[in-house]
**Q** 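Sharing a structure below in structure tokens format, with a few things to ask.
Every chain is numbered from 1, with letters handed out A, B, ... down the list of sequences. Not measured: the values here are computed from a predicted model.
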Protein chains: 2
Amino acid sequence: MPKHYDPEKCQTVSEMLSRIGDKWSVLVIMMLGDGPARFSDLKRAVVGISQRMLTLTLRALERDGLVRRTVYPTVPPRVEYELTALGQSLREPIQAMGGWVFANHDKIHAARAEFDRRNDAERADQKIIKLG
Amino acid sequence: MPKHYDPEKCQTVSEMLSRIGDKWSVLVIMMLGDGPARFSDLKRAVVGISQRMLTLTLRALERDGLVRRTVYPTVPPRVEYELTALGQSLREPIQAMGGWVFANHDKIHAARAEFDRRNDAERADQKIIKLG
DNA sequence: CAGGATCCCGGAAGATACTG
DNA sequence: CAGTATCTTCCGGGATCCTG
């Protein structure tokens, strides 16, 4: 088991993490997991996304080889997006993350509640000290 | 297999994805994977992080119950950070992502090169059209 | 040593308008 | 329909200074 990793690959890991960590990429990937979809389909399915961000997200996914964009030269224009084999394969680690969150959802929220509770108490103490 | 998911849990998935997708969290988690570390250890180990961002990152991880913060009331103060069991368990899906990137690193970069090549060619065409 | 408090800047992202 | 262009707003994050 190697202790050192290729720095370039590590950087690519960071890049992909921030990609799937951004606001829309995962949602788009999951939508496309059901099969090909047109631009407006995605726009409607991914609630809250602006057409600008949908375009940018799709372009980035296409650039990384995760999504294939097919233009049908009809009028009005018809553009279909679908996951490539690479994009499909990415769904596995993503769903692993999703599964982890679903499994630990309650622990996470309990921890947050506990943390916030302690923090509030601490600030109340500070107030008393300053007032005293 | 359910077709609908708890919206609250889906939101938590997004939250955790943007957490591990941020610039520093994963690096900190991986550093702590080797065992407990002090603030300055992490500051030195995670090259490039400012003490402000290290603090914010650690606080966020602590709030989600991934990291435990222990203060030793000595002088000078000594604070140790370590992964909780929950934090340890998160390393699995993270490494799944990392493994995927390592396995597909070449495909990704090939796709990017291809995409950029096509884009450049396209823009060159546009130029010719406008000049003509 | 381990942070808290401020200031500040660049880039991410939303809103809007226009187009092939 | 499927975008592009532009403007503006917002916030992540770095730099710096201060403190128990």
Side-chain angles (χ1 to χ4, degrees), chain A residues 14-15 17-28 31-32 36-63 67-82 115 118-119 122-123 125-127 129-130, chain B residues 14-15 17-28 31-32 36-63 67-82 115 118-119 122-123 125-127 129-130:
Chain A
S14 291
E15 291 169 8
L17 280 175
S18 61
R19 173 121 312 286
I20 68 131
D22 84 358
K23 204 172 177 185
W24 305 111
S25 293
V26 169
L27 290 173
V28 170
M31 285 301 168
L32 291 178
R38 302 180 57 174
F39 187 87
S40 356
D41 295 337
L42 292 170
K43 178 93 176 57
R44 234 169 296 112
V46 182
V47 179
I49 196 171
S50 63
Q51 99 274 52
R52 173 188 140 85
M53 286 317 294
L54 181 53
T55 301
L56 264 61
T57 301
L58 286 169
R59 287 291 180 281
L61 295 176
E62 187 193 358
R63 178 168 187 268
V67 161
R68 179 173 21 258
R69 176 171 179 269
T70 313
V71 182
Y72 299 93
T74 62
V75 43
R78 172 188 180 86
V79 180
E80 273 197 358
Y81 293 91
E82 62 185 325
F115 183 90
R118 288 196 187 187
N119 239 20
E122 195 175 314
R123 288 185 188 170
D125 287 352
Q126 294 293 329
K127 206 169 186 179
I129 291 171
K130 295 208 171 180
Chain B
S14 291
E15 290 169 9
L17 280 175
S18 61
R19 174 121 313 288
I20 67 132
D22 83 358
K23 203 172 175 182
W24 305 110
S25 293
V26 169
L27 290 173
V28 170
M31 285 302 169
L32 291 177
R38 301 181 57 176
F39 187 86
S40 355
D41 295 337
L42 291 171
K43 177 93 174 58
R44 236 170 295 111
V46 183
V47 179
I49 196 171
S50 64
Q51 114 272 50
R52 173 187 140 85
M53 286 317 296
L54 180 54
T55 301
L56 290 175
T57 302
L58 286 168
R59 287 291 180 280
L61 294 177
E62 187 193 0
R63 178 168 187 268
V67 161
R68 178 170 26 254
R69 177 171 179 269
T70 312
V71 182
Y72 298 92
T74 62
V75 44
R78 173 188 181 83
V79 180
E80 273 197 358
Y81 294 91
E82 61 185 325
F115 182 91
R118 288 196 187 187
N119 239 20
E122 196 175 314
R123 287 184 189 171
D125 287 352
Q126 295 292 329
K127 209 169 185 178
I129 291 171
K130 294 206 173 182

**Q** Using whole Å, report how far CG of B:L58 lies from C1' of C:dG4.
**A** 15 Å
**Q** Which residues satisfy the side chain to side chain contact (heavy atoms under 4.5 Å, CB included) test with B:M31, sequence neighbours excluded?
**A** B:L42, B:A45, B:V46
**Q** For each nucleotide in nucleotides 8-20 of chain D, reading 5' to 3', give B when a protein heavy atom comes within less than 4.0 Å of its base, S when such contact involves only the sugar-phosphate, and - otherwise.
**A** -----BBBBB--B
**Q** Show, in sequence, the C-alpha distance, side-chain angles and deciding distance for A:S25 and A:T57, and conclude whether the side chain to side chain contact (heavy atoms under 4.5 Å, CB included) test is met.
**A** CA-CA 6 Å; A:S25 293; A:T57 301; 3.7 Å; yes
**Q** Give A:Y72 one of three labels, base, sugar-phosphate or nothing, depending on what nucleic acid heavy atoms sit under 4.0 Å from its own.
**A**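 No contact at all - A:Y72 keeps every heavy atom at 4.0 Å or more from the nucleic acid.
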**Q** Quick one: salt bridge (Lys or Arg N to Asp or Glu O under 4.0 Å) pairs with a partner in residues 42-62 of chain B, sequence neighbours left out?
**A**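 As it turns out, the salt bridge (Lys or Arg N to Asp or Glu O under 4.0 Å) pairs with a partner in residues 42-62 of chain B, which skip direct neighbours, are B:D41-B:R44.
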**Q** A:K23: which residues meet the side chain to side chain contact (heavy atoms under 4.5 Å, CB included) condition with it, sequence neighbours left out?
**A** none
**Q** Tell me the interatomic distance from B:L42, atom CG, to C:dC1, atom P, rounded to whole angstroms.
**A**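 Those two atoms, CG and P, are 14 Å apart.
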**Q** What is the distance from CZ of B:F39 to C1' of C:dG4, rounded to the nearest Å?
**A**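 It is 11 Å, rounded to the nearest whole Å.
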**Q** How many whole angstroms separate atom CZ of A:R19 from atom C1' of C:dA12?
**A** 12 Å
**Q** May I ask you to verify if any side-chain N or O of A:Y81 is less than 4.0 angstrom from the OP1 or OP2 atom of D:dC1?
**A**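 It does not, given that no N or O in the side chain of A:Y81 lies less than 4.0 Å from OP1 or OP2 of D:dC1.
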**Q** Scan the side chains in residues 73-80 of chain B for donor-acceptor partners under 3.5 Å anywhere in the protein, sequence neighbours excluded, and list what turns up.
**A**
unit_1 : atom_1 : unit_2 : atom_2 : d
B:T74  : OG1    : B:P76  : O      : 2.9
B:R78  : NH2    : B:E80  : OE2    : 3.1

**Q** In whole angstrom, what separates A:N119's CG from C:dG3's P?
**A** 13 Å
**Q** Under the side chain to side chain contact (heavy atoms under 4.5 Å, CB included) rule, collect the residues that match up with B:R68, sequence neighbours excluded.
**A** B:T70, B:E82, B:T84
